[in-house]
Amino acid sequence: MQRYSGFGLVKHALSHHENWQRQWRNPAPKKQYDVIIVGGGGHGLATAYYLAKEFGVKNVAVIEKGWLGGGNTARNTTIVRSNYLWDESAALYEHSMKLWEGLSQDLNYNVMFSQRGVLNLGHTLQDMRDIQRRVNANRLNGIDGEVLDARGVQALVPIMDCSKNARYPVLGASWQPRAGVARHDAVAWGFARAADAQGVDILQQTEVTGFKIRDGQIYGVHTNRGDIEAKTVGCVTAGNSGVLAGMAGIKLPLESHPLQALVSEPLKPVLDTVVMSNHVHGYISQSDKGDLVIGAGIDGYNGYGQRGSYPTVEHTLQAIVEMFPIFSRVRMNRQWGGIVDTCPDACPILSKTRVKGLYFNCGWGTGGFKATPGSGHVFAASLAKGEMHSIAAPFSIDRFHSGALVDEHGAAGVAH
Amino acid sequence: MFHIYCPYCGELREEEEFHPRGQAHLARPADPEACTDEEWGDYLFFRDNPRGIHHELWVHSVGCRKFFNITRHTVSYEILETYKMGELPSFTAEHSRGNSTEAASRQAQVAQQAGVHV
């Protein structure tokens, strides 16, 4: 792999940037691998990368039916934070946050991770009590956080309407300074390039059509490019996880919903942090290009069509304009939807299944992007050792029968 | 924007008058105390999530406030039918073009099953 550096940029400038190496190969599928990862989004590519780099499993294939990072990795609002309430999820997302902090160096790829902080607004007394509880829990878990009052919020975001006259006045917020945003496409590409350099085969436009299972043990997958064998298969397919699990005769407690986002026309820098509000239900940041990146709630019905409904757009923009009257005449440029696999307790599933060797990493719902490196790391550790990593263990599918849920609904400021 | 025919109001109304409430035809266990953890967990948390025809419960929340069922395609989002509580769908995964004769014959079962439905 050709390493990227400032010097390299100057060198390639001399040949008009026409001789850059391809970032990853486009290999033909081998007959057999040690591990197959189904799904070439951020989480799948991260899993493959850490398998090869940290756990010495180099004979790995990532099978992707479309193109790399073409699903939710390319469709989210790029927010990264770790201020979750419960110990189990705090450990998972903070593990991820620590990997984010060194990710650009680790991958030799600029993922444009910008720790510009995240505000989770409180608009009611109960919001503020929940915020205090969550920030206290965060601090006990070694995660940075502060409770701000309305004046503190106003000082950070001068353009926000923090007056008492607002329909839902801002009473305060939780503030995680280490949180921020990252460039979503770069995350997929960076992991793909680094995994490829470790010898991982990335097979695009290869669709898994079934699993090869014998005596309760998986030994490969059927694809539209022929059968590929492996004794360990990890499925990281977000919204399509339920469909894939069905091919192995497994039912998952997931419902797939459209989640949408939109961006405005580019503006001059006006908002230098991330603002989320669970109560009026919208979240917003400004990209380096200048467009406002706005997130919405999920559509309430199940759906696999990668588009969202207009009523949800309207509700979201009402929330944004409620918080930021200054944006009332900004024009929206693009709007899109992704399919999120929501779990009943708003926490992911990182789990073995009753088919030996078949693992699922899914159920990230509306908040999977922030977990990309951490999810990949603990899932890789689990695949390599055949035992779930200690951080992943509480997220077993068994919890829906044992009752040991990790209920992050609302508590995490998760916007649903 | 969906235009949804409320079988009680007998009119097409806009999506915003309605709320989806998840999978239709969930049978609550007759004797919850006798359920194993497996059965109870399945009833609480495990739902059909098909890529295709889906039967779902909706409520006309700012209209007549009654619950009813919709058969909808989860990729095209086409609404194939709406029907009252206690009725059975004529479009199913097995009969994706609708099968009203079978639905009619199944109406006989409705009386029995109506008590089991949500």
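What you are looking at is a predicted structure, and each value in this text was computed from that prediction instead of being measured. Just so we're on the same page: letters track the sequence lines, and every chain starts at 1.
Between F46(B) atom CZ and I397(A) atom CD1 the span is 5.0 Å, to the nearest 0.5 Å. Atom NE2 in H73(B) sits 13.0 Å away from atom CG in N302(A) (nearest 0.5 Å). Between R72(B) atom CZ and Y301(A) atom OH the span is 6.5 Å, to the nearest 0.5 Å. Atoms OG1 and NE2, from T74(B) and H257(A) in turn, are 11.0 Å apart once rounded to the nearest 0.5 Å. We find the OG1-CZ distance between T342(A) and R47(B) to be 11.5 Å, quoted to the nearest 0.5 Å. Atom-to-atom distance recorded for D299(A):CG and E15(B):CD is 7.0 Å, nearest 0.5 angstrom.
The neighbour count for Y310(A) OH, taken as heavy atoms of other residues, nucleotides or ligands under 6.0 Å away, does not exceed 12. By the 6.0 Å contact criterion, NE2 on H222(A) is enclosed, its count of non-hydrogen atoms from other residues, nucleotides or ligands being greater than 12. Other residues, nucleotides and ligands contribute at most 12 non-hydrogen atoms within 6.0 Å of the CD atom of Q205(A). Sparse packing is recorded around NZ of K66(B), with 12 or fewer heavy atoms of other residues, nucleotides or ligands lying under 6.0 Å away. Annotation: K352(A), atom NZ; neighbour count of heavy atoms from other residues, nucleotides and ligands within 6.0 Å is above 12.
Most heavy-atom pairs under 4.5 Å with chain A: of the set G22(B), S76(B), G41(B), G52(B), this distinction falls to G41(B). Interface summary for chain A: among M1(B), H54(B), E38(B), the most heavy-atom pairs under 4.5 angstrom belong to E38(B). The candidate from G246(A), G300(A), S256(A) with the greatest count of non-hydrogen atom pairs under 4.5 Å with chain B is S256(A).
Of all non-hydrogen atoms in N49(B) and Y304(A), the two that sit nearest each other are O-OH, 2.6 Å. Minimum interatomic distance between P344(A) and F45(B) (heavy atoms only, all atoms of both residues): CB-CD2, 3.5 Å.
Only the backbone of L252(A) comes within less than 4.5 Å of a heavy atom of chain B; no side-chain atom from C-beta onward does. Of the atoms belonging to N240(A), it is side-chain heavy atoms, and not backbone ones, that fall under 4.5 Å from chain B. Neither the backbone nor the side chain of T36(B) comes within contact range of chain A, judged by heavy atoms closer than 4.5 Å.
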